[in-house]
Amino acid sequence: MRQLAFHLAFACLVAVSHSTAQEPAYFVTYSHAMEEPGNLEISFKGVQGSPKSGNPFISETLELEYGAQAWWTTELYLAGQHTSNDSTIFTGFRWENRFRPLFREHFINPVLYVEYENINQGDRSLLEVVGHDSISDLRASNALGRAETERELESKLILSSNFRGWNVSENFISEKVLNASEPWEFGYALGVSRPLALASGARPCVFCRENFAIGAELYGGLGDLDGFGLKGTSHYAGPTVAFNIPRGPTVSFSPNFGLNDNSAGVLYRFSVSYEIQQLSGVFRRGSR
């Protein structure tokens, strides 16, 4: 918890040079929001947990999200984790691509998601929960986990709607290990989020309601192709809050509560993200 408090305090002290739009306050669920073309968002995401009969851990993931086109966002993830009474390890990388086939706003906005993963079994980032992922995965030693690397293909169908300031998003997840003969695994994520205020006040301020978004998420596994359903799966739910610091980063926090015996008791999620507008223009200005 001291490490968690340090990262949150550090985030609040970061000073940068512009403001960003308020996005839904999600950690696992995806909405139809895409990165603006030419913009680069740098994010740090952390997860802290203390699984029963296991060692406490903190996972840290660096995300680099770039708006390639208005309909295409691409992202690179680099992940590692530290487990108490064990070690600190690098767990691998992910390359994500999201495609929005319908550019105009609709009642339901679909987004297609494809990701290649090269991660070892010591990964604790928990960016999604699929198949029969459970608390036992969080108890394994780092030496055992990093000895086995999985190359996976992950896809998601993202459905997202905006209504009177609310965002409601549903994700269906499928994942296949490419370097082992294992069946397709499935999972889900559901999210709802809303800014505290839809319009800005007459005077700029830091702690105005429009700078905050609240929400909730529910996510978990749905078994695999050999046994689709809820049996032997883990599930989490929790509130979320995001603070968009004017002319600065967005800081988010969420406690996720395990809903059955296959889940960890509580996962504390936190993130800091900062958007660089028009990355190519930044380099051109720097070369003058």
Side-chain angles (χ1 to χ4, degrees), residues 1-4 6-7 27-28 43-64 75-96 115-156 173-187 189 219-224 232-236 238 254-258 260-272:
M1 289 302 295
R2 286 196 299 268
Q3 289 175 309
L4 175 60
F6 170 78
H7 287 299
F27 281 87
V28 178
S43 300
F44 169 89
K45 283 186 177 180
V47 181
Q48 194 277 332
S50 299
K52 185 177 180 180
S53 303
N55 292 319
F57 68 88
I58 182 167
S59 171
E60 300 174 340
T61 303
L62 175 67
E63 302 181 10
L64 303 173
E75 188 165 357
L76 175 68
Y77 297 78
L78 301 173
Q81 56 99 339
H82 170 76
T83 300
S84 299
N85 306 312
D86 198 331
S87 62
T88 301
I89 61 172
F90 174 72
T91 57
F93 71 90
R94 295 172 166 88
W95 180 34
E96 166 195 310
E115 179 180 83
Y116 173 76
E117 304 177 2
N118 188 307
I119 56 175
N120 60 51
Q121 293 193 347
D123 184 62
R124 302 281 191 273
S125 59
L126 295 168
L127 298 179
E128 69 280 319
V129 174
V130 296
H132 298 283
D133 293 347
S134 72
I135 190 174
S136 61
D137 301 320
L138 306 177
R139 295 175 178 146
S141 68
N142 286 347
L144 183 64
R146 67 181 175 183
E148 184 172 349
T149 297
E150 293 184 336
R151 297 174 179 85
E152 300 176 338
L153 179 66
E154 179 182 313
S155 64
K156 294 180 184 180
I173 309 166
S174 60
E175 187 173 281
K176 180 70 171 72
V177 178
L178 301 177
N179 59 334
S181 57
E182 298 180 9
W184 281 90
E185 297 179 304
F186 306 108
Y219 59 94
L222 292 174
D224 55 37
T233 60
S234 59
H235 305 268
Y236 297 87
S254 176
N256 293 175
F257 303 95
N260 59 17
D261 292 338
N262 293 322
S263 312
V266 184
L267 299 173
Y268 296 98
R269 294 183 180 270
F270 54 96
S271 73
V272 183

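As the structure is a prediction and not an experimental result, all values here were calculated from the model. Here, residue 1 is the first one in the sequence, and each next residue gets the next number.
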- Which value, rounded to the nearest 0.5 Å, describes the distance between F57 atom CZ and N142 atom CG? 11.0 Å
- Looking only at heavy atoms, what is the nearest atom pair of S234 and N262, with distance? CB-O, 3.6 Å
- For the pair F93 and Y116, name the ring-plane relationship: parallel under 30°, tilted 30 to 60°, perpendicular over 60°. tilted
- Only residue of L138, I89, T88, N55 satisfying side-chain contact (heavy atoms from CB on, under 4.5 Å) with T83 is N55
- Task: Report yes if some heavy atom in the side chain of L127 is under 4.5 Å from a heavy atom in the side chain of R94; otherwise report no.
- Result: yes
- Message: Taking the side chain as everything from C-beta on, heavy atoms only, tell me whether E60 gets closer than 4.5 Å to F44.
- Response: yes
- Message: My understanding is that only residues two or more places apart in sequence, or in another chain, count here; which of them pass salt bridge (Lys or Arg N to Asp or Glu O under 4.0 Å) with E150?
- Response: none
- Task: Give the intermediate values and the outcome of side-chain contact (heavy atoms from CB on, under 4.5 Å) for residues H235 and N260.
- Result: CA-CA 7 Å; H235 305 268; N260 59 17; 3.6 Å; yes
- Task: Determine whether K45 and S125 make a side-chain contact, defined as any pair of heavy atoms from C-beta on separated by less than 4.5 Å.
- Result: no
- Heavy-atom side-chain proximity of L267 to R124 below 4.5 angstrom: no
- Flag the pair S271 / S43 as yes when at least one side-chain heavy-atom distance between them is below 4.5 Å, and no otherwise. no
- Passes side-chain contact (heavy atoms from CB on, under 4.5 Å), L126 versus R269? Steps please. CA-CA 10 Å; L126 295 168; R269 294 183 180 270; 3.5 Å; yes
- Message: So V47 and F27, do their side chains get closer than 4.5 Å, heavy atoms only?
- Response: no
- Item | Beyond-backbone contact of E154 with V130, side-chain heavy atoms, under 4.5 angstrom | no
- Checking D137, T149, T91 against D123 for side-chain contact (heavy atoms from CB on, under 4.5 Å), the one that qualifies is T91
